[in-house]
Amino acid sequence: MKKVSFILVVLLCVFLTGCNNEFAKEDYNSDAAIANTSDHYAKESSVFNQHGEKYVLTVSKFDGRETLWSDTFRADRDMDIEFSLRLSNGQAKVVHVDEDGNVTTILECVPETSTDGSVTETVSMKQGENRLKIVGYDCEDMELTMVLPEERWAENLSQSNLI
């Protein structure tokens, strides 16, 4: 009996190890999953800080989708956001999700396209809630920096929410 139990435990561990990030691979190109207000991720050694208008995420391993920032706007507007994204393995992207659940990829990265410096992207924020999310799979040694413009505060219903 002990031998059968041991074999079942080993098989379960092998099964779970082999499938640990399949959800992230499936979600990566699924706008419906990304637009969902709930997050679904697995990560190790993660630190997410806000320093004024600068948001910095560093994580040793990441799979899934996570909301990094959300804000509600009274009217449509364009916002220039400075980004830097690098990783040593895997695939990641930063997306914008508007009030209607529309998903727009802002920046996408694999190790070969990691940014050495920063890039500025114009994001079309819609009236209502807007979210910025990180989505990825097999990500290792990932670092994301976002710098949002200060002038956005005067036009919002409330200050942004660090998630």
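As the structure is a computational prediction, the values presented were derived from the model and not from experiment.
Connection of V123 to V97 is not established within any shared hydrophobic cluster, with ILVMFWY side chains joined at heavy-atom distances below 4.5 Å, either directly or through further cluster members. In the hydrophobic cluster analysis, where Ile, Leu, Val, Met, Phe, Trp and Tyr join through side-chain heavy atoms closer than 4.5 angstrom, I134 is grouped together with L107. W69 and I106 fall within the same hydrophobic cluster, defined by Ile, Leu, Val, Met, Phe, Trp and Tyr side-chain heavy atoms under 4.5 Å apart, directly or through other members. L68 and V95 fall into different hydrophobic clusters, where Ile, Leu, Val, Met, Phe, Trp and Tyr residues are linked whenever their side-chain heavy atoms come under 4.5 Å apart, directly or through other members. Residues L85 and L132 fall within the same hydrophobic cluster, defined by Ile, Leu, Val, Met, Phe, Trp and Tyr side chains chained together at heavy-atom separations under 4.5 Å.
A donor-acceptor contact shorter than 3.5 Å is absent between the side chain of R86 and the backbone of G117. Of the possible polar contacts, none joining the N49 side chain to the V56 backbone as a donor-acceptor pair under 3.5 Å is found. Remark: the backbone N or O of D100 is paired with a side-chain donor or acceptor of D98 at under 3.5 angstrom.
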Q) Would K126 and F73 count as a side chain to side chain contact (heavy atoms under 4.5 Å, CB included) if you check the C-alpha gap in whole Å, the side-chain angles of each, and the deciding distance to 0.1 Å? A) CA-CA 7 Å; K126 301 293 182 187; F73 291 92; over 6 Å; no
Q) Taking it one step at a time, do R65 and D27 satisfy salt bridge (charged side-chain N to carboxylate O under 4.0 Å, His left out)? A) CA-CA 8 Å; R65 52 185 161 55; D27 288 357; 3.3 Å; yes
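Ring geometry, Y137 versus Y28: the interplanar angle exceeds 60°, so the pair is classed perpendicular (tilted spans 30 to 60°).
Rounded to the nearest 0.5 Å, atoms CD (Q91) and SG (C139) are 8.0 Å apart. Remark: L87 CG to S60 OG distance equals 12.5 Å, nearest 0.5 Å. Separation of atoms CD (E143) and OG (S88) is listed at 11.5 Å; rounding is to 0.5 Å. Distance check, rounded to the nearest 0.5 Å: NZ of K54 to OG of S84 gives 9.0 Å. How far CD of E140 is from OG of S45: 11.5 Å, rounded to the nearest 0.5 Å. If you take CE on M146 and CD1 on I81, they are separated by 7.0 Å, rounding to the nearest 0.5 Å.
Evaluated for a salt bridge (charged side-chain N to carboxylate O under 4.0 Å, His left out) with E66, the options K133, K43, R131 yield exactly one hit, K43. Of the options M79, M125, E99, R77, a side-chain contact (heavy atoms from CB on, under 4.5 Å) to N130 is made by M125 and by none of the others. S124 pairs in a side-chain hydrogen bond (donor to acceptor under 3.5 Å, both in side chains) with only one of the listed residues (D78, N102, T104), which is D78.
Between the side chains of E82 and S118, at least one donor N or O lies within less than 3.5 Å of an accepting N or O. D80 and T122 form a side-chain donor-acceptor contact under 3.5 Å, judged by distance and modelled atom types alone.
Side-chain contact check for K93 versus N29: some heavy-atom pair is nearer than 4.5 Å. Residues F83 and E121 have side chains in contact (heavy-atom distance under 4.5 Å, counting atoms from C-beta outward). At least one side-chain heavy atom of E129 sits under 4.5 Å from a side-chain heavy atom of S70. In this structure, D138 and D63 have side chains that are in contact, with non-hydrogen atoms separated by less than 4.5 Å.
The nearest pair of heavy atoms linking S30 to E26 is CB-O, 3.7 Å.
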